[in-house]
Protein chains: 4
Amino acid sequence: MNGKRDSSVYIPTKERILNAALRLFSVKGFRGTTIKDIAREVEITEGAIYRHFRSKEEIIEHLVRRVTGEIRELVKRKVLPEGDVVSRAKALAEALLNYALDNPDSFRFLTVYHILKENGGAERLPGGLLIETFREAYRKGELGLHPEVAFGLVTGSVEKLFILWELGMVRTHRDILIEELKYAVEKALS
Amino acid sequence: MNGKRDSSVYIPTKERILNAALRLFSVKGFRGTTIKDIAREVEITEGAIYRHFRSKEEIIEHLVRRVTGEIRELVKRKVLPEGDVVSRAKALAEALLNYALDNPDSFRFLTVYHILKENGGAERLPGGLLIETFREAYRKGELGLHPEVAFGLVTGSVEKLFILWELGMVRTHRDILIEELKYAVEKALS
Amino acid sequence: MNGKRDSSVYIPTKERILNAALRLFSVKGFRGTTIKDIAREVEITEGAIYRHFRSKEEIIEHLVRRVTGEIRELVKRKVLPEGDVVSRAKALAEALLNYALDNPDSFRFLTVYHILKENGGAERLPGGLLIETFREAYRKGELGLHPEVAFGLVTGSVEKLFILWELGMVRTHRDILIEELKYAVEKALS
Amino acid sequence: MNGKRDSSVYIPTKERILNAALRLFSVKGFRGTTIKDIAREVEITEGAIYRHFRSKEEIIEHLVRRVTGEIRELVKRKVLPEGDVVSRAKALAEALLNYALDNPDSFRFLTVYHILKENGGAERLPGGLLIETFREAYRKGELGLHPEVAFGLVTGSVEKLFILWELGMVRTHRDILIEELKYAVEKALS
DNA sequence: TATGAATGAGCTTTCATTCAT
DNA sequence: TATGAATGAAAGCTCATTCAT
């Protein structure tokens, strides 16, 4: 009677709230999403949300921490510290795009979060982590571009390709998309 | 006597409202920016805004039309229809990045507008215009990547470099940034 | 260039404002009619109205005085003090209905004014004048009904017939309508 | 503990809002009555009203439906289809006046609603129902007046007598008022 | 006289949050 | 845990009125 959609797996309310909020925030923005919107999606009442979170702000912080954590983890796992810059950049591009395509709401959410300063909120680009890869290679003389430019090219390409994909504008197969991305990264950074 | 900010040129209120709104929307989003915010910036009262625009929505529409028009115009002027894809892509990247660096508020505004669907509003990527450049080259066999991928690489790179620049994360000279961007585009598309 | 509708007779702006206001107030009520509504109708700007009237309130007062004055005058002229009650009541009914049909806006205006207490405004039924006719007859024993009832029957009938006429619900000829009204009044009061 | 006004019966907030709105609208008109007015009367805040109604407009629609429904019901119950026109008209007049005197706010509300077109709103005279009574009799040759005229006389008289009564201008006993009304209707229609 | 931009108060409505149940 | 009525602050918008031109 409470597990939502009966026979399916049970998902705790707190989790359901976070999932709904993630999706809504990523599409309608933070101010554009109301507590009522989230409650309606989860099929509970507004008041119930405050059993699980102290405020709307807290939900956002929770989500930011979760998504940046996931990406940090992913990069740590996929972009190994050995190897040349180019292969590491390719691995980064592949991992990021895969994450975006597999977790579109999360990726969108982060994009929205980084672009908007609705609150005057602090900025915490997970770039901090990623960009080091390029800085190091630059110092070693392995990179023909400034590290920030290289970083921008790779991550910017991934983000835009994801958006175009979501809009249905990219008509290639997913695997081909990733191959082309890696190919272009390889050539651009060589 | 009325020109705001001492002896400088007179700017009509309607224009001042648009400028303030552009900047605020581009930073705090549409819902995050209130009419009061705009009024405060322009140093008039909220009611006065409604002498120039029927609604907040109308201000947004006005700005979208203006900014997309400017970019459309720019692309038409700078990206000449002759020449190979690569040089045209380079010209596109250069023109876009220059526009972004010269009109940061406008460029940010458009980014925010395209990402957020606070309203469920219509989508009008100015991509329509730009992407044709790549589609045509692809048909002629001049392009090694799918046109949408090429388009995503170029515009995504520009957008992300602009954001990094704005955050003060890019430490190169502006000219060098543009040169590196063009160089990377050239290699990626060849 | 100023006389409104070119070649036609010149009507001073103040008069045009009053006419427009009369019509609008009578249809949309006092709060429902804005100064802008009136200005638009007269084809001047809002500010111009304040050259002729100190406030919206003053326009209303002006119109109340005008319309009650007209009706007072009319009754004085048409309902002669000689004759029996019945013929005087018939004359009253006829005069009132004729006035209403000839000056629908004025008559509607007064109805609205008497029904609404939007302002907490004072009531000044022009009934004061008319009802005396019946009070006197009642004292003389010429009237089978209480004077207020007789007054209500006659004026209420006129008002409702006017409204039905305006709504297009009365399909008889105007003269017949008046004849039937007088006939009914005669019988009711005898 | 919450029932408002000490120990008396509990009335749900939605009902209290409707009652307050009915009274205020009937006196000050639709535009002249603010949500704050209603809230103050009910002793809740403005926001609370929107938990029960989506808009001011919805409150008005609710009330129109309620009052017209009541009168429709009343006429159905009191004005039996058998009998001659005159007795039916008398029954109608009596039922209407009784309703008005018993539910002055409702009756006033309907009057205001029918006279004002603040919204450009639809017209739904409950007359549709009542007037058929007269149309039928007219076809059968039982009625000396056009049916719309007869309808206007009866309902107009009721409405005006009600207003005079409310203003304290009718000094007779209520029963006598009704008797005189019926007597006049009888004679007018015979 | 007339214009039209501007003001300021007030209106309808929204929304994060609280609280009694 | 959950509900849902209520609060209170703020948002978008309207409008009578003023004022410089």
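In the text below, chain A, chain B and the rest are named by the order of the sequence lines, each starting its count at 1.
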Backbone N or O of Ile115(C) within a donor-acceptor pair of the Arg108(D) side chain at under 3.5 Å?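 Answer holds: yes.
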
Has Thr33(B) got a side-chain atom pairing as donor or acceptor with Phe30(B)'s backbone, closer than 3.5 angstrom?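 The answer is no, because no donor-acceptor pair under 3.5 Å joins these two groups.
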
Would you kindly compare Arg51(D) and Gly47(C) by the position of their nearest DNA chain E nucleotide and give the one closer to the 5′ end?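 Final value for this comparison: Gly47(C).
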
Heavy-atom nearest nucleotide on DNA chain E for Ala48(C) versus Tyr50(D): which residue maps closer to 5'?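 The residue whose closest nucleotide sits nearer the 5' end is Ala48(C).
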
Rounded distance in Å - [atom1] ([X]) to [atom2] ([N]):
{"X": "Phe30(C)", "N": "dC15(F)", "atom1": "CZ", "atom2": "P", "value": "17 Å"}
{"X": "Arg31(D)", "N": "dT12(E)", "atom1": "CZ", "atom2": "P", "value": "9 Å"}
{"X": "Lys36(D)", "N": "dA9(E)", "atom1": "NZ", "atom2": "P", "value": "14 Å"}
{"X": "Tyr10(C)", "N": "dT1(E)", "atom1": "OH", "atom2": "C1'", "value": "10 Å"}
{"X": "Phe25(D)", "N": "dT12(E)", "atom1": "CZ", "atom2": "P", "value": "9 Å"}
{"X": "Ile59(D)", "N": "dT13(E)", "atom1": "CD1", "atom2": "P", "value": "8 Å"}
{"X": "Lys28(A)", "N": "dT14(E)", "atom1": "NZ", "atom2": "C1'", "value": "13 Å"}
{"X": "Glu43(C)", "N": "dG4(E)", "atom1": "CD", "atom2": "P", "value": "13 Å"}

Nucleotide nearest [X] when distance is taken to its side chain, options [options]:
{"X": "Glu46(D)", "options": "dC13(F), dA6(F), dT12(E)", "result": "dT12(E)"}
{"X": "Ile44(B)", "options": "dA16(F), dT1(F), dT7(E)", "result": "dT7(E)"}
{"X": "Thr45(C)", "options": "dG4(E), dT14(E), dA6(F)", "result": "dG4(E)"}
{"X": "Thr34(D)", "options": "dT12(E), dT17(F), dG12(F)", "result": "dT12(E)"}
{"X": "Lys56(B)", "options": "dA5(F), dG12(F), dT13(E)", "result": "dG12(F)"}
{"X": "His52(A)", "options": "dT17(F), dT1(F), dA2(E)", "result": "dT1(F)"}

So which one's nearest nucleotide on DNA chain F is more toward 5', Thr33(B) or Ser55(C)?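 This one resolves to Thr33(B).
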
In Watson-Crick or G-U wobble terms, both distances under 3.5 Å, what is the partner of dA20(F)?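 Partner of dA20(F): dT3(E).
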
Can a side chain N or O of Thr13(A) be found less than 4.0 Å away from OP1 or OP2 on dA2(F)?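 For Thr13(A), the contact criterion (side-chain N or O under 4.0 Å from OP1 or OP2 of dA2(F)) is met.
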
Does the plane of the ring in Phe53(C) sit parallel, tilted or perpendicular to the ring in His62(C)? Use 30° and 60° as the thresholds.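 The rings of Phe53(C) and His62(C) stand perpendicular, inter-plane angle above 60°.
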
What's the separation between atom NZ in Lys56(D) and atom CZ in Arg31(D), rounded to the nearest 0.5 Å?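 Output value for this atom pair is 7.5 Å.
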
Ion pair check, Asp37(C) and Arg40(C), cut-off under 4.0 Å: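 Arg40(C) and Asp37(C): salt-bridged.
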
